[in-house]
Number of protein chains: 2
Amino acid sequence: MKGRVSAYDVAKLAKVSQSTVSRVLNNYPHVRKETRQRVHDAINTLGFSPDEIARSLASKKTNTIGLIVEDISNSFYAETAHIILREAQKYDYEVIIIDAETDENSFERAISTLNGKRVDGIIVASTRMDNQKVKEFYDKGFPIIFYNRRIYGIEESHYVEVDNKLGAKMAVNHLVENKHRKIAFISGPTIYSTFYQRFEGYKEAVQDNGLEYDESLIYKGEVSYDQVFQFALNLMRDEDRPTAFFASTDQMALAIMDAAARSGRHIPFDVSVIGFDDIEIASNPYISLSTISQRKREMAVLTLQKLLSLINSDDSNDEPNKITLEPELIIRKTTGVNNQ
Amino acid sequence: MKGRVSAYDVAKLAKVSQSTVSRVLNNYPHVRKETRQRVHDAINTLGFSPDEIARSLASKKTNTIGLIVEDISNSFYAETAHIILREAQKYDYEVIIIDAETDENSFERAISTLNGKRVDGIIVASTRMDNQKVKEFYDKGFPIIFYNRRIYGIEESHYVEVDNKLGAKMAVNHLVENKHRKIAFISGPTIYSTFYQRFEGYKEAVQDNGLEYDESLIYKGEVSYDQVFQFALNLMRDEDRPTAFFASTDQMALAIMDAAARSGRHIPFDVSVIGFDDIEIASNPYISLSTISQRKREMAVLTLQKLLSLINSDDSNDEPNKITLEPELIIRKTTGVNNQ
DNA sequence: TTGTATGCGTTATCAC
DNA sequence: GTGATAACGCATACAA
């Protein structure tokens, strides 16, 4: 990669100083039209494009943001990333995606890598509630915003989430309206705010509807296809089995549907299943999963915009952004009236 | 973001020069153990982490690569990105993902953005065959490698692909072995090497097996769910309909399955469907799509490793990497014996 | 309106 | 082994 042309080369050819080149590059107003033209010509004939690294060093802005996800191959994150990437492009921001585990060490490494790269801000799409590593960054006024999952106990934190508790209630209420009284709940680890809140919603809805809260109907272990499948399979084979399953994620709902098929239960005649997230495949006619929509696009776009406004506002003393969107019940074909 | 601590601050505290700080940072051998320790102590007490931007400017290496995809929310790219991100992490590389259209303008913008950011190399996961914009970068010796889809007509180009022609033949042969003689082919635009090669494979296999080549059974338009759905639906309703569909991507196969369901055709009894890619959902029990596997993980890992070796080898005169992996036939439940 | 000079935070090349 | 000092390629305050 030798022979890179620099702003000096352009300057020489256009018979101006390098500062002037910089000025036209940055669209400074007070440049004579004629010189501006000369510089542009020189830029074109030399095929010059500025070195963003040098630019960043001088300006202390990289026009790059970081996005931390847990697993980009997971549809939820993939769809989120797509929206954020395309949206960021509009504002001339690039994004470095870090695909990392959610434990404190991995998270710290991710954050400090991004900090090292001098990103202008970070979107954290997957964190645990007890994450405290982020504190010092907030104290420094570094723009960080949480998407979907958020942390607890840090007042200054910014986040955009969906009302998970409400969403869970909507799901349970939908099932109750269909005469289900014995509803299993499949959750991931409640160390994540999403699962925690959804679990709260489930419990409240169970109480509100006068149902019996039964520990044996609850799964809150790892988000593992096989484990959820096994758990559901056991329940399906039970004499006194639940007539409906509420899964905390669509991904888990798929495992439950699998277990239903395996045990010969027909959905929705023998058993109803409802998920959470509304990932793309949920609307596939072979899946047609009833679910609670996260309104991903709105969430993602809003998150990016808030981050950019955090980046571009000098007074970091404004109120923290704490945004909670309303979820939406989407009824497809995996839920029906209980007829046991 | 004030109060950043620099290598100078560390130097002062450790009572050494900033150069020495740089030396221990880069693990230079000739530093006295004792001073090295002092520097490390200073680094820790100050919580110093080097500014990678400044580092990049001075060293002309960013430890960042670019990944250009067409749509990260597409499972194929999402799964690819996951593998590449995780693998790159191991070598201390970060990755900037650009989600862009494949037309020349978008591509050029993407490349020049990445070039501006001084990435050390680029993986292009989605290009059209006729792409020529990349030529000048090759001439400069800039490391670029194509993944999955490649360009034609540039001898120096590096790529890792699967043998698409062979894969297509395997698919058709599998159907023929199941006594299908009338096989529809659903392709995307043949301006992409993947679709082009698969189409070639289809045609050859049709000929090799003595089948009749029938234009009315061929779709090679946009990769649009709705359009493919419509095309398939029309064929399904045909009196003299094909008994099998070979889709150039799993995504398209899903649309075909949808059309089958809509028209009351039972898979695989009335009609067989086989895809290409083996995306994750293909193995879902409700889909269980027969398909041709791309061996995505191998491809992705290999691509990254080749890129890194291009980056780290000074003599750019080695042979271009032209790697073609063998695809694999995966038989699931959407293909069966023709019994018409 | 334009040029000069300095700085951004490192690495790298010299000296010593 | 270690310390000055010059790049790296720009932005920017200050002069003119």
Side-chain angles (χ1 to χ4, degrees), chain A residues 1-40 42-43 46-64 92 112-113 115-120, chain B residues 1-40 42-43 46-64 92 112 115-120 314:
Chain A
M1 288 308 284
K2 58 203 62 164
R4 259 196 77 69
V5 348
S6 78
Y8 277 101
D9 302 324
V10 176
K12 212 186 320 176
L13 183 60
K15 297 191 188 309
V16 295
S17 76
Q18 178 264 319
S19 355
T20 299
V21 175
S22 174
R23 286 192 185 97
V24 338
L25 237 51
N26 294 289
N27 287 315
Y28 262 61
H30 304 300
V31 179
R32 207 192 311 164
K33 221 173 180 178
E34 184 193 305
T35 37
R36 183 184 298 279
Q37 189 54 51
R38 278 217 314 284
V39 172
H40 273 135
I43 287 176
L46 293 179
F48 166 76
S49 77
D51 184 326
E52 296 295 336
I53 293 291
R55 224 175 191 183
S56 298
L57 183 60
S59 68
K60 313 200 132 304
K61 258 198 114 263
T62 55
N63 265 48
T64 303
D92 271 316
S112 85
T113 297
N115 186 43
K117 295 277 185 191
R118 298 277 81 105
V119 296
D120 297 332
Chain B
M1 288 304 288
K2 57 203 65 163
R4 259 196 75 72
V5 348
S6 78
Y8 277 101
D9 302 325
V10 175
K12 211 186 323 177
L13 184 60
K15 299 190 187 310
V16 295
S17 75
Q18 183 264 325
S19 334
T20 299
V21 175
S22 174
R23 287 193 184 96
V24 339
L25 237 51
N26 294 288
N27 287 313
Y28 263 62
H30 304 299
V31 179
R32 209 192 309 163
K33 220 171 180 179
E34 185 192 304
T35 35
R36 182 183 300 276
Q37 189 54 50
R38 278 217 314 284
V39 172
H40 273 136
I43 287 176
L46 293 179
F48 166 76
S49 77
D51 184 325
E52 297 295 335
I53 294 291
R55 226 177 189 180
S56 297
L57 183 60
S59 69
K60 314 200 127 306
K61 257 199 115 264
T62 55
N63 266 48
T64 303
D92 271 315
S112 86
N115 187 42
K117 295 277 185 191
R118 298 277 82 105
V119 296
D120 297 333
D314 306 62

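All chains are named by letter (A, B, ...) in the order of the sequence lines, taking the proteins before the strands, and each is independently numbered beginning at 1.
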Regarding A:Asn115 and A:Arg118, do their side chains bring together a donor and an acceptor under 3.5 Å, going by distance alone? yes

Residue list, side-chain contact (heavy atoms from CB on, under 4.5 Å) with B:Lys61, at least two apart or on another chain: B:Ser59, B:Asn63, B:Tyr93, B:Asp120, B:Ile311, B:Asn312

Tell me, do A:Val24 and A:Thr35 make a side-chain contact under 4.5 Å, heavy atoms counted? no

What parts of residues 14-21 of chain A reach DNA chain D, counting only heavy atoms under 4.0 Å away? A:Gln18, A:Ser19

First and last nucleotide of DNA chain C touching chain B, 5' to 3', heavy-atom cut-off 4.0 Å? C:dG9 to C:dT13

Have a look at B:Val21 and tell me which of B:Asp9, B:Val16, B:Leu13 forms a side-chain contact (heavy atoms from CB on, under 4.5 Å) with it. B:Val16

Indicate yes or no: at least one non-hydrogen side-chain atom of A:Thr20 is less than 4.5 angstrom from one of A:Arg32. no

Which is more 5' along DNA chain D, the nucleotide nearest A:Arg23 or the one nearest A:Ser6? Just name the residue. A:Ser6

Shortest non-hydrogen contact between A:Lys15 and A:Arg38, atoms and distance: O-NH2, 3.6 Å

Closest non-hydrogen atoms of A:Ala14 and A:Ala42, given as atom of the first, atom of the second and distance, are CB-CB, 3.9 Å

Using a 4.0 Å heavy-atom cut-off, does A:Ser56 contact any base of the nucleic acid, only the sugar-phosphate backbone, or nothing at all? nothing

Using rotation axes that map the C1' atoms of four end pairs onto the next four (five pairs an end), what angle separates the end axes of the helix from C:dT1-D:dA16 to C:dC16-D:dG1, to 10°? 40°

Pairwise distance CD(A:Gln18) to CZ(A:Arg23) - rounded to 0.5 angstrom: 9.5 Å

Min and max contacting nt of DNA chain D in 5' to 3' order, chain A heavy atoms within under 4.0 angstrom, are D:dG9 to D:dA13

Got a second to check how far B:Lys12's NZ is from B:Leu46's CG, nearest 0.5 Å? 9.5 Å

Would you mind telling me which residue lines up with the more 5' stretch of DNA chain D, A:Ala7 or B:Val31, judged by nearest nucleotide? B:Val31

Quick one: does A:Arg36's side chain get under 4.5 Å of A:Val39's, heavy atoms only? no

A:Glu52 CD to B:Thr62 OG1 distance, which is reported to the nearest 0.5 Å: 12.5 Å

Non-neighbouring partners of A:Thr64 that pass side-chain hydrogen bond (donor to acceptor under 3.5 Å, both in side chains), sequence neighbours left out: B:Lys117

Please check: side-chain N/O of B:Asp51 versus main-chain N/O of B:Ile53, any donor-acceptor pairing under 3.5 Å? yes

